[in-house]
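When a ligand or atom number is given, it counts from 1 through the structure's own listing order.
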Amino acid sequence: MSFEKINLIRPIQKALQEEGYKSPTPIQERSIPIILKGKDLLGCAQTGTGKTAAFAIPILQLLSEVKKTAYKKRTIRSLIVTPTRELAIQIGDSFSAYGKHTGLKNAVVFGGVKQRIQTDKLNSGVDILVATPGRLLDLMNQGYISLHAIELFVLDEADRMLDMGFINDVNKIIRKLPTKRQSLFFSATMPAEIVKLAKTILDKPVKVEVTPESSTVEKIKQSVYYVAKPDKKRLLVHLLDDQSIESALVFSRTKHGANKIAQILSKKKIKAEAIHGDKSQNSRQRALHNFKSKETRVLVATDIAARGIDIDELSHVINYDLPNIPETYVHRIGRTGRAGLEGTAFSFCDTEEREFLKDINKLIKKSIHVVDNHPFTTPTEITEKPSLPAEKQNRAKVKTSKESKTTETKSRRRKRNPKKAFVNKGRN
Ligand code: AMP
């Protein structure tokens, strides 16, 4: 299948050729014709599947085909709402790249930076707006943005919107949209709440689903290192001694952890930077740029900051902390092994994280290979066989079973309410 078969207009075909795209990805092949027919779409796809182009290409085509002359100046006719600044910037870049011969203009607005550059751009007139929810509402309230002419609306990464607590903002935005419009809704997962939200936005949507979470990881070489928590730093430095690891994205559960890991690596003369929600937009962009240009070898990130980061040639992902949500593991390691390249994922697992590993193995339907010959190894199973006299052994047994009860209760509690278990540690 080639892009020509989808009947794309010449200016878009040309731009795609210049981007080096030869054929559409499965989500593009299936979604573009549906969107071009004017239908609403419910897309179940994660970052890395080519979903941005799946909505950007047909939006550009539809807006180019029907030129609006009713407005004196350019008016926002398409709105894309996405949860993070990084995603917003990347989506804006995609519209600029695929639309560079169409004459259509886009702007990107997100919080955490001064609004002046964004409002200047809006005042100069744009056709397509990419926005994060908070800044969008803010600029709407100040009168810089009106949604009255929106013909095409996209809600991107809906499940992440929910996770990040943007649902009220999203509802406020939806209420301001014209009722006559075409809507596209994308989410990596479809829990009940997301299905409910989709129903409020979409009208008789066509559902398109690509690559179930678990199958995307098959081509990635995965291994797990059992290691005591305090030894994780040394294990990381030890692994990075291998110079064949060209670039590694290291995941930390907390922002503080990410900073610490980057500091430890820098002390060991391993070029590393951290990226998370407490960093300014400029420093996040700079860190990302340095990593992409291979100036820094290691980028340490939290899940939310890393969401949507688009790095084509990433050889290694390292889970310094295992995620408590197994789908997050799949998202994380899916950053490597892209575009047919080989990918490797290492995961560190301390005793408290063994439950998480079990959940991950269950989701991906295989047991990740355990590396047991590393310098900081801890036993695979904790077996306690005290060689004590009978009476003392009994006392020891009582103590052991009490201890294990406490551990079990804690881990069960964490499984039941993972967010609460980490509430004091901060998740971004
Ligand atoms: P996304 O899922 O939208 O984040 O896209 C992931 C990556 O795939 C981006 O780097 C895109 O530039 C790239 N990409 C999207 N569509 C294609 C295509 N048809 N051919 C080659 N690369 C693509």
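Within the structure, salt bridge (Lys or Arg N to Asp or Glu O under 4.0 Å) pairs that include any residue of residues 122-144 comprise R74-D127 (at least two apart or interchain).
Between D242 and S244, the side chains place a donor N or O and an acceptor N or O closer than 3.5 Å (distance only, hydrogens not considered).
In this structure, K232 contributes its side chain and Y320 its backbone to a donor-acceptor pair below 3.5 Å.
Checking only distances, K22 never comes within under 3.5 Å of ligand 1, N or O to N or O. Between A53 and ligand 1, no pair of N/O atoms sits closer than 3.5 Å.
Contact record, A97 with E19: CB-OE2, 3.6 Å, taken as the closest heavy-atom pair.
The S23 neighbourhood of ligand 1 comprises atoms 18 (C), 19 (N), 20 (N), with distances under 4.0 Å to a heavy atom of that residue. Ligand-side atoms of ligand 1 in range of F3: 19 (N), range being under 4.0 angstrom from any heavy atom.
For Q28, every heavy-atom contact with ligand 1 shorter than 4.0 Å involves the side chain, none the backbone. Using a 4.0 Å cut-off between heavy atoms, A45 makes no contact with ligand 1 at all. If you look at F186 next to ligand 1, there are no close heavy atoms at all, none under 4.0 Å.
Within 6.0 Å of atom CD in E18, more than 12 heavy atoms from other residues, nucleotides or ligands are found, so the atom counts as buried in its surroundings.
By the side-chain hydrogen bond (donor to acceptor under 3.5 Å, both in side chains) test, D120 is found to be paired with R116, residues two or more places apart in sequence or in another chain being considered.
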